[in-house]
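For reference, the structure discussed in these notes is given below.
Small disclaimer: the values here were computed from a predicted structure and weren't measured.
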Amino acid sequence: VKMIIKNMEFNLLSFFEDVKELKEKLFQAEDKIKRLEQKDELTRQENENLRMMLNSTQEEINELKEQVAKNTKMSILENFTGQLNTFREEVKKDMNTQSQELTRVDKMAVASQELSLATHA
């Protein structure tokens with residue numbers, strides 16, 4: 001009977017040690033789970049921050065594209081306006097030249113009439 005009791009005591013102590021080891025492993029596993037959950041939450045937050053940065057960057061890119069398009073249109077318009085002004089100046093010069101030519105032709109016609117009258121008189 002004593003042997004059976006001793007054996008049962010040994011088995012009971014062994015069982016308690018096993019329970020103690022299992023409790024320690026359980027504690028370690030729970031601790032590891034908590035750390036992984038914290039790491040997962042940090043990763044989620046980082047991903048959200050990166051997503052927000054990406055959206056912000058995309059908005060900035062779109063604004064820059066719009067600005068480039070506006071600047072390009074303005075540049076084309078300014079170039080066209082410059083060409084139009086140059087053409088306008090050339091037309092003015094041509095009109096002045098033609099006006100001077102007409103004035104000279106008129107003077108020549110008047111001189112020719114005066115010469116013709118002087119010759120007939």
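Apart from Phe87 itself, the hydrophobic cluster it occupies contains Val91, Met95, where clustering links Ile, Leu, Val, Met, Phe, Trp and Tyr at side-chain heavy-atom distances under 4.5 Å. The hydrophobic cluster around Phe15 extends to Leu12, Phe16, Val19, counting ILVMFWY residues whose side-chain heavy atoms fall within less than 4.5 Å of a member. Taking a 4.5 Å side-chain heavy-atom cut-off between Ile, Leu, Val, Met, Phe, Trp and Tyr, the cluster of Ile61 contains only that residue.
Remark: side-chain polar atoms of Ser116 are not paired, donor with acceptor, to backbone N or O of Ser112 under 3.5 angstrom. Side-chain atoms of Thr119 come within 3.5 Å of backbone atoms of Leu115 as a donor-acceptor pair (strictly under, hydrogens ignored).
Shown here are the side chain to side chain contact (heavy atoms under 4.5 Å, CB included) partners of Ile5, two or more places apart in sequence or in another chain: Val1, Glu9. Contacts of Glu78 classified as side-chain hydrogen bond (donor to acceptor under 3.5 Å, both in side chains), with partners at least two apart in sequence or in another chain: none. Residues forming a salt bridge (Lys or Arg N to Asp or Glu O under 4.0 Å) with Glu60 (at least two apart in sequence, or on another chain): none. Every residue two or more places apart in sequence or in another chain was checked for a side chain to side chain contact (heavy atoms under 4.5 Å, CB included) with Glu66, and none qualifies. By the salt bridge (Lys or Arg N to Asp or Glu O under 4.0 Å) test, Glu41 is found to be paired with Arg44, residues two or more places apart in sequence or in another chain being considered. Residues passing the salt bridge (Lys or Arg N to Asp or Glu O under 4.0 Å) test with Glu101 are Arg104, sequence neighbours excluded. Applying the salt bridge (Lys or Arg N to Asp or Glu O under 4.0 Å) test to Asp31 and every residue at least two apart in sequence or in another chain returns Arg35.
Interatomic distance, CG of Asn47 versus CG of Leu54, reported as 11.5 Å (0.5 Å rounding). Of the inter-residue distances, the one linking Leu50 atom CG with Asn55 atom CG reads 11.0 Å to the nearest 0.5 angstrom. Between Glu37 atom CD and Lys32 atom NZ the span is 13.5 Å, to the nearest 0.5 Å. Note that the CE atom of Met8 and the CE atom of Met3 stand 14.0 Å from one another [nearest 0.5 Å]. Expressed to the nearest 0.5 Å, how far CG of Leu36 lies from NZ of Lys34 amounts to 12.5 Å.
No side-chain heavy atom of Lys70 sits under 4.5 Å from any side-chain heavy atom of Lys73.
Side-chain atoms of Asn71 and Gln67 include a donor-acceptor pair closer than 3.5 Å.
Among residues at least two apart or in separate chains, side chain to side chain donor-acceptor pair (under 3.5 Å) pairs with a member in residues 80-98 are Asn85-Arg88. Every pair tested for side chain to side chain donor-acceptor pair (under 3.5 Å) that includes a residue from residues 14-23 fails, sequence neighbours excluded, so the list is empty.
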